[in-house]
Amino acid sequence: MDEDLPLLEGFAGESEASRAHRRKRERRPLPGMMLHQDGSMHVWLAGQPALDLIVTLDDATSAIYSAFLIEEEGTASTFRALMECLALMAFP
């Protein structure tokens, strides 16, 4: 029976590859250096169908530059969020 134990080594613990996937990193030092955008489908409004909430925020400050509900996340919603960010950052 003891000869079966080596087969179980590393079975219960995290593998090296799974730890590296979500490695913590430092935030960017200045606002505007990196933006994050994410979409999340949910029934946000009672009595309404599920919608995607598209949020774009700054990595350095967590300031939200753009947030809106839309029927489906896609290229158009990405460009809309980008335009809203550029308008807030005073780019022409």
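Bear in mind that the values here come from a model prediction, so they are computed numbers and not experimental data.
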Enquirer: Do the side chains of I64 and F79 join up, straight or via other hydrophobic residues, at under 4.5 Å, putting them in one cluster?
Expert: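 Looking at the clustering, F79 is in a separate group from I64.
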
Enquirer: Would M34 end up clustered with L57 when hydrophobic side chains under 4.5 Å apart are linked, directly or stepwise?
Expert: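 No; L57 is not reachable from M34 via cluster members.
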
Enquirer: Got a donor-acceptor contact below 3.5 angstrom from the S77 side chain to the E73 backbone?
Expert: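 No, S77 side chain to E73 backbone: no donor-acceptor pair under 3.5 Å.
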
Enquirer: Looking at W44 and L51, would you say the former's side chain and the latter's main chain have a donor-acceptor pair under 3.5 Å?
Expert: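 A pair under 3.5 Å: yes.
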
Enquirer: Would you check if S66 and Q37 make a side-chain contact, meaning some heavy-atom pair closer than 4.5 Å?
Expert: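 No, side chains not in contact.
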
Enquirer: If every non-hydrogen atom of P31 is compared with every non-hydrogen atom of A60, which pair is closest and at what distance?
Expert: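 Residues P31 and A60, closest heavy atoms: N-CB, 3.8 Å.
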
Enquirer: If hydrophobic residues (ILVMFWY) are linked whenever their side-chain heavy atoms come closer than 4.5 Å, directly or via other members, who joins F68 in its cluster?
Expert: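 Its cluster mates, by chain and number, are I54, I70.
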
Enquirer: Linking I/L/V/M/F/W/Y whenever any side-chain heavy atoms sit under 4.5 Å apart, do L53 and V43 land together?
Expert: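 Not linked; separate clusters.
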
Enquirer: Give the minimum heavy-atom separation between G32 and Y65, together with the two atoms involved.
Expert: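 Closest heavy-atom pair between G32 and Y65: N-OH, 4.4 Å.
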
Enquirer: Just verifying a value: how many Å separate D58 CG and R28 CZ, rounded to the nearest 0.5 Å?
Expert: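 Answer for the CG-CZ pair, D58 versus R28, is 11.0 Å.
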
Enquirer: If the condition is side chain to side chain donor-acceptor pair (under 3.5 Å), which residues does H36 pass it with, not counting sequence neighbours?
Expert: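 For H36, the residues satisfying side chain to side chain donor-acceptor pair (under 3.5 Å) (neighbours in sequence not counted) are R25, D59.
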
Enquirer: Quick check for you: to the nearest 0.5 Å, what is the distance between D38 atom CG and D52 atom CG?
Expert: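 It is 9.5 Å, given to the nearest 0.5 Å.
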
Enquirer: Do R27 and T61 meet the criterion of a side-chain donor-acceptor pair at a distance under 3.5 Å?
Expert: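 On atom types as modelled, these side chains do not qualify, holding no pair under 3.5 Å.
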
Enquirer: Within the supplied structure, the quantity of interest is the number of heavy atoms (other residues, nucleotides, ligands) at a distance under 6.0 Å from M33 CE; does it exceed 12?
Expert: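 It does: M33 CE has more than 12 such atoms within range.
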
